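What follows is a set of notes on a single structure, which appears directly below.
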There are 2 protein chains.
Amino acid sequence: MKTDITPRQLEIIEAAGRLITEDGYAMLTTKRLAERMQFSEAALYRHFSSKEAILVSMIEHLTASVKLRMEEVARREEDPEPRLRAMFESHFSYFKAHPEYLMAIFATNFMESSPATDRAIKELMEVMRQHLRAVVSEGQKSGVFVKAIPTDMLVAIVMGTFRLHMLQWRISGRGFDIARKGRSLMDAVISLIGTSR
Amino acid sequence: MKTDITPRQLEIIEAAGRLITEDGYAMLTTKRLAERMQFSEAALYRHFSSKEAILVSMIEHLTASVKLRMEEVARREEDPEPRLRAMFESHFSYFKAHPEYLMAIFATNFMESSPATDRAIKELMEVMRQHLRAVVSEGQKSGVFVKAIPTDMLVAIVMGTFRLHMLQWRISGRGFDIARKGRSLMDAVISLIGTSR
DNA sequence: CCAAAGTTAGTGATTACTAACTAACCTTGG
DNA sequence: CCAAGGTTAGTTAGTAATCACTAACTTTGG
(Lines give C-alpha, C1' and ligand atoms only; values in the text may rest on other atoms or scores of the structure.)
Protein backbone atom coordinates (compact mmCIF):
# COMPACT_ATOMS: atom_id res chain seq x y z
CA MET A 1 0.00 0.00 0.00
CA LYS A 2 1.45 3.31 -1.12
CA THR A 3 0.46 6.28 1.00
CA ASP A 4 2.90 8.87 -0.36
CA ILE A 5 1.29 11.11 -2.88
CA THR A 6 2.34 14.05 -5.05
CA PRO A 7 0.54 17.39 -4.70
CA ARG A 8 -0.82 16.95 -8.21
CA GLN A 9 -2.17 13.50 -7.38
CA LEU A 10 -3.92 14.99 -4.37
CA GLU A 11 -5.57 17.60 -6.58
CA ILE A 12 -6.85 14.86 -8.87
CA ILE A 13 -8.12 12.80 -5.95
CA GLU A 14 -9.97 15.79 -4.56
CA ALA A 15 -11.51 16.58 -7.93
CA ALA A 16 -12.60 12.96 -8.31
CA GLY A 17 -14.14 12.97 -4.86
CA ARG A 18 -15.98 16.17 -5.62
CA LEU A 19 -17.38 14.73 -8.85
CA ILE A 20 -18.65 11.62 -7.08
CA THR A 21 -20.14 13.56 -4.19
CA GLU A 22 -21.85 15.98 -6.55
CA ASP A 23 -23.16 13.73 -9.27
CA GLY A 24 -22.73 10.16 -8.12
CA TYR A 25 -20.18 7.50 -8.84
CA ALA A 26 -21.54 6.67 -12.28
CA MET A 27 -20.71 10.21 -13.37
CA LEU A 28 -17.04 9.87 -12.53
CA THR A 29 -15.54 9.41 -15.97
CA THR A 30 -12.02 10.10 -17.12
CA LYS A 31 -13.39 12.70 -19.52
CA ARG A 32 -15.24 14.66 -16.85
CA LEU A 33 -12.40 14.34 -14.39
CA ALA A 34 -9.94 15.70 -16.95
CA GLU A 35 -12.29 18.60 -17.69
CA ARG A 36 -12.40 19.44 -14.00
CA MET A 37 -8.64 19.37 -13.85
CA GLN A 38 -8.48 21.62 -16.91
CA PHE A 39 -6.25 19.27 -18.80
CA SER A 40 -6.62 16.43 -21.27
CA GLU A 41 -7.75 12.91 -20.48
CA ALA A 42 -4.34 11.56 -21.33
CA ALA A 43 -2.73 13.79 -18.71
CA LEU A 44 -4.52 11.77 -16.03
CA TYR A 45 -2.35 8.84 -16.92
CA ARG A 46 0.83 10.80 -16.19
CA HIS A 47 -0.24 10.71 -12.55
CA PHE A 48 -2.17 7.48 -12.18
CA SER A 49 -1.89 4.16 -13.94
CA SER A 50 -5.66 3.74 -14.13
CA LYS A 51 -8.99 5.09 -13.02
CA GLU A 52 -9.13 2.38 -10.42
CA ALA A 53 -5.79 3.56 -9.00
CA ILE A 54 -7.29 7.01 -8.47
CA LEU A 55 -10.14 5.56 -6.42
CA VAL A 56 -7.89 3.29 -4.40
CA SER A 57 -5.51 6.15 -3.76
CA MET A 58 -8.38 8.31 -2.62
CA ILE A 59 -9.67 5.74 -0.13
CA GLU A 60 -6.15 5.12 1.17
CA HIS A 61 -5.67 8.84 1.61
CA LEU A 62 -8.83 8.99 3.72
CA THR A 63 -7.72 5.95 5.71
CA ALA A 64 -4.41 7.63 6.48
CA SER A 65 -6.25 10.74 7.64
CA VAL A 66 -8.49 8.70 9.92
CA LYS A 67 -5.47 7.00 11.47
CA LEU A 68 -3.70 10.31 12.04
CA ARG A 69 -6.70 12.05 13.52
CA MET A 70 -7.72 9.18 15.76
CA GLU A 71 -4.20 8.84 17.12
CA GLU A 72 -4.09 12.56 17.78
CA VAL A 73 -7.38 12.35 19.67
CA ALA A 74 -6.13 9.38 21.68
CA ARG A 75 -3.11 11.43 22.73
CA ARG A 76 -5.22 14.45 23.63
CA GLU A 77 -8.09 12.78 25.47
CA GLU A 78 -7.40 10.07 28.00
CA ASP A 79 -10.79 9.17 29.42
CA PRO A 80 -13.01 6.96 27.26
CA GLU A 81 -16.12 9.10 27.28
CA PRO A 82 -14.61 12.46 26.25
CA ARG A 83 -12.36 10.57 23.85
CA LEU A 84 -15.31 8.95 22.10
CA ARG A 85 -16.90 12.36 21.81
CA ALA A 86 -13.67 13.87 20.47
CA MET A 87 -13.37 11.11 17.87
CA PHE A 88 -16.71 12.04 16.37
CA GLU A 89 -16.01 15.75 16.62
CA SER A 90 -12.90 15.07 14.58
CA HIS A 91 -14.85 13.18 11.94
CA PHE A 92 -17.55 15.81 11.72
CA SER A 93 -15.18 18.72 11.28
CA TYR A 94 -13.10 16.73 8.81
CA PHE A 95 -16.01 15.82 6.55
CA LYS A 96 -17.39 19.32 6.88
CA ALA A 97 -14.09 20.60 5.48
CA HIS A 98 -13.72 17.73 2.99
CA PRO A 99 -17.18 16.67 1.82
CA GLU A 100 -15.52 15.29 -1.29
CA TYR A 101 -14.52 12.23 0.73
CA LEU A 102 -18.06 11.54 1.93
CA MET A 103 -18.63 8.97 -0.77
CA ALA A 104 -15.86 6.77 0.56
CA ILE A 105 -17.98 6.15 3.65
CA PHE A 106 -20.71 4.73 1.47
CA ALA A 107 -18.45 3.28 -1.14
CA THR A 108 -19.69 -0.19 -0.39
CA ASN A 109 -21.85 -0.09 -3.48
CA PHE A 110 -19.11 -0.12 -6.02
CA MET A 111 -17.59 -2.86 -3.99
CA GLU A 112 -16.95 -6.06 -5.85
CA SER A 113 -16.38 -3.98 -8.93
CA SER A 114 -12.67 -4.45 -8.41
CA PRO A 115 -10.71 -6.38 -5.80
CA ALA A 116 -8.29 -3.54 -5.11
CA THR A 117 -11.03 -1.01 -4.39
CA ASP A 118 -12.84 -3.62 -2.35
CA ARG A 119 -9.75 -4.21 -0.22
CA ALA A 120 -9.15 -0.49 0.34
CA ILE A 121 -12.71 0.07 1.50
CA LYS A 122 -12.63 -2.87 3.86
CA GLU A 123 -9.37 -1.54 5.28
CA LEU A 124 -10.94 1.88 5.86
CA MET A 125 -13.91 0.38 7.68
CA GLU A 126 -11.65 -1.83 9.72
CA VAL A 127 -9.41 1.04 10.81
CA MET A 128 -12.43 3.02 11.98
CA ARG A 129 -13.81 -0.01 13.78
CA GLN A 130 -10.57 -0.75 15.57
CA HIS A 131 -10.19 2.77 16.93
CA LEU A 132 -13.78 2.70 18.09
CA ARG A 133 -13.40 -0.70 19.63
CA ALA A 134 -10.36 0.36 21.63
CA VAL A 135 -12.13 3.24 23.34
CA VAL A 136 -15.38 1.36 23.89
CA SER A 137 -13.54 -1.59 25.39
CA GLU A 138 -11.56 0.68 27.68
CA GLY A 139 -14.75 2.40 28.76
CA GLN A 140 -16.27 -0.94 29.63
CA LYS A 141 -13.22 -1.89 31.69
CA SER A 142 -13.28 1.38 33.62
CA GLY A 143 -16.99 1.01 34.16
CA VAL A 144 -18.31 4.07 32.31
CA PHE A 145 -19.92 1.95 29.57
CA VAL A 146 -22.22 -1.00 30.19
CA LYS A 147 -20.52 -4.35 30.55
CA ALA A 148 -23.61 -6.46 30.04
CA ILE A 149 -23.40 -6.05 26.26
CA PRO A 150 -20.45 -7.43 24.26
CA THR A 151 -17.95 -4.84 23.07
CA ASP A 152 -18.49 -5.61 19.39
CA MET A 153 -22.20 -5.02 19.69
CA LEU A 154 -21.72 -1.64 21.33
CA VAL A 155 -19.26 -0.82 18.56
CA ALA A 156 -21.79 -1.87 15.94
CA ILE A 157 -24.43 0.34 17.51
CA VAL A 158 -22.18 3.37 17.74
CA MET A 159 -20.72 2.92 14.26
CA GLY A 160 -24.08 2.22 12.68
CA THR A 161 -25.56 5.35 14.19
CA PHE A 162 -22.61 7.40 12.99
CA ARG A 163 -22.84 6.04 9.45
CA LEU A 164 -26.55 6.66 9.15
CA HIS A 165 -26.05 10.20 10.38
CA MET A 166 -23.46 10.79 7.67
CA LEU A 167 -25.76 9.24 5.07
CA GLN A 168 -28.66 11.46 6.05
CA TRP A 169 -26.40 14.47 5.87
CA ARG A 170 -25.48 13.48 2.36
CA ILE A 171 -29.06 12.74 1.31
CA SER A 172 -30.16 16.13 2.60
CA GLY A 173 -27.57 17.71 0.33
CA ARG A 174 -25.58 18.70 3.43
CA GLY A 175 -28.62 20.74 4.36
CA PHE A 176 -28.02 20.75 8.11
CA ASP A 177 -25.15 21.29 10.52
CA ILE A 178 -23.55 17.86 10.70
CA ALA A 179 -21.53 18.75 13.81
CA ARG A 180 -24.35 20.24 15.87
CA LYS A 181 -26.89 17.52 15.10
CA GLY A 182 -24.17 14.88 15.25
CA ARG A 183 -23.05 16.07 18.65
CA SER A 184 -26.50 15.66 20.18
CA LEU A 185 -27.00 12.32 18.45
CA MET A 186 -23.72 11.07 19.84
CA ASP A 187 -24.62 12.46 23.25
CA ALA A 188 -27.74 10.34 23.08
CA VAL A 189 -25.80 7.21 22.10
CA ILE A 190 -23.18 7.76 24.79
CA SER A 191 -25.84 8.30 27.43
CA LEU A 192 -27.49 5.06 26.33
CA ILE A 193 -24.36 2.96 26.49
CA GLY A 194 -23.21 4.76 29.64
CA THR A 195 -23.65 3.34 33.13
CA SER A 196 -24.63 6.59 34.82
CA ARG A 197 -27.66 7.49 32.69
CA MET B 1 -46.11 4.76 -8.86
CA LYS B 2 -46.96 1.42 -10.46
CA THR B 3 -46.85 -1.54 -8.13
CA ASP B 4 -48.61 -4.12 -10.30
CA ILE B 5 -46.18 -6.38 -12.01
CA THR B 6 -46.33 -9.34 -14.39
CA PRO B 7 -44.77 -12.67 -13.37
CA ARG B 8 -42.19 -12.25 -16.11
CA GLN B 9 -41.30 -8.79 -14.88
CA LEU B 10 -40.77 -10.21 -11.41
CA GLU B 11 -38.41 -12.83 -12.82
CA ILE B 12 -36.38 -10.09 -14.49
CA ILE B 13 -36.28 -7.99 -11.34
CA GLU B 14 -35.07 -10.96 -9.32
CA ALA B 15 -32.38 -11.76 -11.86
CA ALA B 16 -31.25 -8.13 -11.85
CA GLY B 17 -31.11 -8.10 -8.06
CA ARG B 18 -29.10 -11.29 -8.07
CA LEU B 19 -26.61 -9.86 -10.56
CA ILE B 20 -26.10 -6.73 -8.46
CA THR B 21 -25.80 -8.63 -5.20
CA GLU B 22 -23.32 -11.07 -6.74
CA ASP B 23 -21.11 -8.82 -8.80
CA GLY B 24 -21.92 -5.23 -7.91
CA TYR B 25 -24.03 -2.59 -9.55
CA ALA B 26 -21.48 -1.77 -12.24
CA MET B 27 -21.83 -5.33 -13.51
CA LEU B 28 -25.56 -5.02 -14.11
CA THR B 29 -25.68 -4.59 -17.87
CA THR B 30 -28.50 -5.35 -20.25
CA LYS B 31 -26.30 -7.94 -21.93
CA ARG B 32 -25.59 -9.88 -18.75
CA LEU B 33 -29.16 -9.56 -17.54
CA ALA B 34 -30.45 -10.99 -20.82
CA GLU B 35 -27.98 -13.86 -20.58
CA ARG B 36 -29.26 -14.67 -17.11
CA MET B 37 -32.80 -14.63 -18.39
CA GLN B 38 -31.76 -16.92 -21.25
CA PHE B 39 -33.13 -14.58 -23.86
CA SER B 40 -31.85 -11.77 -26.03
CA GLU B 41 -31.15 -8.22 -24.93
CA ALA B 42 -34.01 -6.94 -27.01
CA ALA B 43 -36.47 -9.16 -25.16
CA LEU B 44 -35.86 -7.09 -22.03
CA TYR B 45 -37.54 -4.18 -23.72
CA ARG B 46 -40.75 -6.18 -24.22
CA HIS B 47 -41.14 -6.03 -20.43
CA PHE B 48 -39.51 -2.78 -19.40
CA SER B 49 -39.13 0.52 -21.17
CA SER B 50 -35.58 1.00 -19.95
CA LYS B 51 -32.89 -0.32 -17.66
CA GLU B 52 -33.74 2.42 -15.20
CA ALA B 53 -37.36 1.22 -15.12
CA ILE B 54 -36.15 -2.20 -14.02
CA LEU B 55 -34.28 -0.72 -11.09
CA VAL B 56 -37.13 1.54 -10.07
CA SER B 57 -39.57 -1.34 -10.34
CA MET B 58 -37.32 -3.47 -8.18
CA ILE B 59 -37.06 -0.88 -5.42
CA GLU B 60 -40.80 -0.26 -5.51
CA HIS B 61 -41.41 -3.99 -5.27
CA LEU B 62 -39.26 -4.11 -2.13
CA THR B 63 -41.04 -1.07 -0.72
CA ALA B 64 -44.39 -2.76 -1.21
CA SER B 65 -43.10 -5.86 0.55
CA VAL B 66 -41.88 -3.80 3.50
CA LYS B 67 -45.26 -2.11 3.80
CA LEU B 68 -47.11 -5.42 3.69
CA ARG B 69 -44.86 -7.16 6.19
CA MET B 70 -44.76 -4.27 8.63
CA GLU B 71 -48.53 -3.96 8.59
CA GLU B 72 -48.87 -7.67 9.17
CA VAL B 73 -46.51 -7.43 12.16
CA ALA B 74 -48.42 -4.47 13.55
CA ARG B 75 -51.60 -6.52 13.40
CA ARG B 76 -49.98 -9.54 15.02
CA GLU B 77 -48.03 -7.85 17.81
CA GLU B 78 -49.60 -5.13 19.88
CA ASP B 79 -46.98 -4.22 22.45
CA PRO B 80 -44.11 -2.00 21.26
CA GLU B 81 -41.24 -4.15 22.44
CA PRO B 82 -42.24 -7.51 20.94
CA ARG B 83 -43.45 -5.63 17.88
CA LEU B 84 -40.06 -4.01 17.33
CA ARG B 85 -38.45 -7.42 17.66
CA ALA B 86 -40.95 -8.94 15.23
CA MET B 87 -40.27 -6.19 12.70
CA PHE B 88 -36.62 -7.11 12.55
CA GLU B 89 -37.37 -10.82 12.54
CA SER B 90 -39.49 -10.16 9.49
CA HIS B 91 -36.69 -8.26 7.75
CA PHE B 92 -34.11 -10.88 8.57
CA SER B 93 -36.15 -13.79 7.29
CA TYR B 94 -37.16 -11.83 4.21
CA PHE B 95 -33.62 -10.92 3.20
CA LYS B 96 -32.45 -14.42 4.02
CA ALA B 97 -35.00 -15.70 1.51
CA HIS B 98 -34.42 -12.84 -0.95
CA PRO B 99 -30.78 -11.77 -0.74
CA GLU B 100 -31.16 -10.39 -4.25
CA TYR B 101 -32.84 -7.33 -2.77
CA LEU B 102 -30.02 -6.62 -0.35
CA MET B 103 -28.49 -4.04 -2.64
CA ALA B 104 -31.58 -1.86 -2.42
CA ILE B 105 -30.77 -1.26 1.24
CA PHE B 106 -27.45 0.20 0.23
CA ALA B 107 -28.64 1.71 -2.98
CA THR B 108 -28.10 5.18 -1.63
CA ASN B 109 -24.68 5.12 -3.18
CA PHE B 110 -25.71 5.05 -6.76
CA MET B 111 -28.19 7.73 -5.91
CA GLU B 112 -28.13 10.83 -8.03
CA SER B 113 -27.57 8.60 -11.02
CA SER B 114 -31.17 9.23 -12.02
CA PRO B 115 -33.99 11.21 -10.41
CA ALA B 116 -36.52 8.36 -10.64
CA THR B 117 -34.23 5.85 -8.91
CA ASP B 118 -33.34 8.50 -6.38
CA ARG B 119 -36.99 9.08 -5.55
CA ALA B 120 -37.76 5.36 -5.23
CA ILE B 121 -34.88 4.81 -2.83
CA LYS B 122 -35.82 7.76 -0.67
CA GLU B 123 -39.36 6.43 -0.55
CA LEU B 124 -38.13 3.02 0.60
CA MET B 125 -36.03 4.53 3.38
CA GLU B 126 -38.90 6.75 4.43
CA VAL B 127 -41.36 3.85 4.64
CA MET B 128 -38.98 1.89 6.84
CA ARG B 129 -38.36 4.94 9.01
CA GLN B 130 -42.06 5.66 9.48
CA HIS B 131 -42.90 2.15 10.61
CA LEU B 132 -39.99 2.22 13.02
CA ARG B 133 -40.92 5.64 14.29
CA ALA B 134 -44.49 4.57 15.02
CA VAL B 135 -43.49 1.71 17.26
CA VAL B 136 -40.67 3.58 18.98
CA SER B 137 -42.94 6.54 19.67
CA GLU B 138 -45.63 4.27 21.07
CA GLY B 139 -43.07 2.57 23.28
CA GLN B 140 -41.98 5.90 24.64
CA LYS B 141 -45.56 6.85 25.41
CA SER B 142 -46.25 3.60 27.22
CA GLY B 143 -43.00 3.97 29.10
CA VAL B 144 -41.09 0.90 27.89
CA PHE B 145 -38.58 3.02 25.94
CA VAL B 146 -36.67 5.95 27.38
CA LYS B 147 -38.38 9.31 27.06
CA ALA B 148 -35.31 11.44 27.73
CA ILE B 149 -34.11 11.01 24.14
CA PRO B 150 -36.10 12.38 21.20
CA THR B 151 -37.96 9.79 19.16
CA ASP B 152 -36.10 10.56 15.96
CA MET B 153 -32.77 9.97 17.62
CA LEU B 154 -33.83 6.59 18.96
CA VAL B 155 -35.08 5.76 15.47
CA ALA B 156 -31.74 6.81 13.99
CA ILE B 157 -29.88 4.60 16.44
CA VAL B 158 -32.06 1.56 15.82
CA MET B 159 -32.12 2.03 12.05
CA GLY B 160 -28.40 2.73 11.84
CA THR B 161 -27.60 -0.41 13.80
CA PHE B 162 -29.89 -2.46 11.57
CA ARG B 163 -28.35 -1.10 8.38
CA LEU B 164 -24.80 -1.72 9.50
CA HIS B 165 -25.73 -5.25 10.45
CA MET B 166 -27.11 -5.85 6.97
CA LEU B 167 -24.01 -4.31 5.43
CA GLN B 168 -21.69 -6.53 7.42
CA TRP B 169 -23.71 -9.54 6.40
CA ARG B 170 -23.27 -8.55 2.80
CA ILE B 171 -19.55 -7.80 3.15
CA SER B 172 -19.02 -11.17 4.77
CA GLY B 173 -20.59 -12.78 1.72
CA ARG B 174 -23.58 -13.75 3.87
CA GLY B 175 -21.10 -15.79 5.86
CA PHE B 176 -23.04 -15.82 9.09
CA ASP B 177 -26.60 -16.35 10.29
CA ILE B 178 -28.15 -12.92 9.85
CA ALA B 179 -31.19 -13.81 11.98
CA ARG B 180 -29.33 -15.30 14.94
CA LYS B 181 -26.70 -12.56 15.16
CA GLY B 182 -29.29 -9.92 14.30
CA ARG B 183 -31.58 -11.13 17.03
CA SER B 184 -28.96 -10.71 19.75
CA LEU B 185 -27.85 -7.37 18.30
CA MET B 186 -31.42 -6.11 18.37
CA ASP B 187 -31.84 -7.51 21.87
CA ALA B 188 -28.89 -5.37 22.87
CA VAL B 189 -30.33 -2.25 21.23
CA ILE B 190 -33.75 -2.79 22.76
CA SER B 191 -32.28 -3.33 26.20
CA LEU B 192 -30.32 -0.09 25.78
CA ILE B 193 -33.30 2.02 24.76
CA GLY B 194 -35.53 0.22 27.25
CA THR B 195 -36.44 1.63 30.65
CA SER B 196 -36.17 -1.62 32.60
CA ARG B 197 -32.54 -2.53 31.77
C1' DC C 1 -56.14 -14.38 -36.10
C1' DC C 2 -53.59 -11.56 -33.53
C1' DA C 3 -51.17 -9.94 -29.70
C1' DA C 4 -47.58 -11.11 -26.66
C1' DA C 5 -42.93 -12.47 -26.49
C1' DG C 6 -39.26 -13.71 -28.70
C1' DT C 7 -35.37 -13.22 -32.54
C1' DT C 8 -31.18 -10.98 -35.40
C1' DA C 9 -28.56 -7.38 -36.56
C1' DG C 10 -27.59 -3.55 -36.03
C1' DT C 11 -27.18 1.89 -34.16
C1' DG C 12 -24.64 6.01 -32.24
C1' DA C 13 -22.69 7.30 -28.00
C1' DT C 14 -19.51 6.69 -24.50
C1' DT C 15 -16.02 4.33 -22.04
C1' DA C 16 -11.08 3.74 -20.25
C1' DC C 17 -6.95 3.90 -22.17
C1' DT C 18 -2.76 4.50 -25.61
C1' DA C 19 0.65 6.09 -29.18
C1' DA C 20 3.28 9.68 -30.62
C1' DC C 21 4.80 14.06 -30.07
C1' DT C 22 6.47 18.47 -27.48
C1' DA C 23 7.52 22.43 -24.47
C1' DA C 24 9.66 23.47 -20.24
C1' DC C 25 12.49 22.41 -16.81
C1' DC C 26 16.42 20.03 -14.36
C1' DT C 27 21.04 17.76 -14.15
C1' DT C 28 25.57 16.92 -15.33
C1' DG C 29 30.15 16.64 -17.75
C1' DG C 30 33.73 18.95 -20.33
C1' DC D 1 29.39 28.29 -18.18
C1' DC D 2 26.64 26.00 -20.98
C1' DA D 3 25.00 22.64 -24.02
C1' DA D 4 23.61 17.71 -24.39
C1' DG D 5 20.60 14.59 -22.45
C1' DG D 6 16.89 13.21 -19.52
C1' DT D 7 12.62 13.87 -16.97
C1' DT D 8 8.07 15.71 -16.14
C1' DA D 9 3.72 16.95 -17.52
C1' DG D 10 1.22 18.24 -20.90
C1' DT D 11 -0.90 17.78 -25.94
C1' DT D 12 -3.83 15.67 -30.16
C1' DA D 13 -5.85 12.03 -32.19
C1' DG D 14 -6.98 8.23 -32.06
C1' DT D 15 -8.26 2.84 -30.44
C1' DA D 16 -11.25 -1.37 -29.40
C1' DA D 17 -14.73 -2.50 -26.42
C1' DT D 18 -18.89 -1.88 -24.38
C1' DC D 19 -23.03 0.51 -23.39
C1' DA D 20 -28.33 1.03 -23.60
C1' DC D 21 -31.43 0.78 -26.94
C1' DT D 22 -34.14 0.05 -31.64
C1' DA D 23 -36.07 -1.55 -36.17
C1' DA D 24 -37.81 -5.21 -38.48
C1' DC D 25 -39.00 -9.68 -38.59
C1' DT D 26 -40.71 -14.39 -36.56
C1' DT D 27 -42.79 -17.61 -33.51
C1' DT D 28 -46.46 -19.16 -30.64
C1' DG D 29 -50.55 -19.78 -27.51
C1' DG D 30 -55.32 -18.84 -26.58
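The structure displayed is predicted, hence computed values, not measured ones. All heavy atoms count here, side chains included; hydrogens, waters and symmetry mates do not. Just so we're on the same page: letters track the sequence lines, and every chain starts at 1.
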Show me the protein contacts with nucleotides 10-16 of chain D, counting only N or O atoms at under 3.5 Å.
{"residue": "dG10(D)", "atom": "OP1", "partner": "Arg8(A)", "partner atom": "NE", "Å": "3.2"}
{"residue": "dG10(D)", "atom": "OP1", "partner": "Arg8(A)", "partner atom": "NH2", "Å": "2.8"}
{"residue": "dG10(D)", "atom": "OP2", "partner": "His47(A)", "partner atom": "NE2", "Å": "2.5"}
{"residue": "dG10(D)", "atom": "N7", "partner": "Arg46(A)", "partner atom": "NE", "Å": "3.0"}
{"residue": "dG10(D)", "atom": "O6", "partner": "Arg46(A)", "partner atom": "NE", "Å": "3.1"}
{"residue": "dG10(D)", "atom": "O6", "partner": "Arg46(A)", "partner atom": "NH2", "Å": "2.2"}
{"residue": "dT11(D)", "atom": "OP2", "partner": "Ser40(A)", "partner atom": "N", "Å": "2.5"}
{"residue": "dT11(D)", "atom": "OP2", "partner": "Ser40(A)", "partner atom": "OG", "Å": "2.6"}

| task | Could you tell me whether Leu28(A) contacts a base, only the sugar-phosphate backbone, or nothing, with contacts defined as non-hydrogen atoms closer than 4.0 Å? | result | sugar-phosphate
Mind checking Thr30(A) for me? I need base, sugar-phosphate or nothing, with any heavy atom below 4.0 Å counting as a touch.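 The answer is base, as Thr30(A) lies within the cut-off (heavy atoms under 4.0 Å) of a base atom.
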Is NZ or CZ of Arg69(A) both nearer than 6.0 Å to the six-membered ring centre of Tyr94(A) and within 45° of the ring axis?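 Cation-pi check for Arg69(A) and Tyr94(A): passes.
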**Study point:** Charged tip of Lys96(A) within 45° of Tyr101(A) ring normal and under 6.0 Å
**Key:** no
Rounded to the nearest angstrom, tell me the gap between atom [atom1] in [X] and atom [atom2] in [N].
X: Gln9(B); N: dA5(C); atom1: CD; atom2: C1'; result: 13 Å
X: Phe48(B); N: dT22(D); atom1: CZ; atom2: C1'; result: 18 Å
X: Tyr25(A); N: dT15(C); atom1: OH; atom2: P; result: 13 Å
X: Leu19(A); N: dA16(C); atom1: CG; atom2: P; result: 11 Å
X: Leu33(A); N: dC17(C); atom1: CG; atom2: P; result: 12 Å
X: Arg32(B); N: dT18(D); atom1: CZ; atom2: P; result: 12 Å
X: Glu35(B); N: dT18(D); atom1: CD; atom2: P; result: 12 Å
X: Lys31(A); N: dC19(D); atom1: NZ; atom2: P; result: 19 Å

Take atom NZ in Lys51(A); do more than 12 heavy atoms of anything else shown fall under 6.0 Å from it?
yes
For Pro82(B), the side chain to side chain contact (heavy atoms under 4.5 Å, CB included) test, sequence neighbours excluded, returns Glu77(B), Asp79(B)
Those residues at least two apart in sequence (or on a different chain) that pass ring pair (Phe, Tyr, Trp, His ring centres under 6.0 Å) with Phe145(B) are none
With side chain to side chain donor-acceptor pair (under 3.5 Å) as the test, would you mind laying out the steps for Glu100(A) and Thr21(A) before giving the verdict?
CA-CA 6 Å; Glu100(A) 67 267 20; Thr21(A) 301; over 6 Å; no
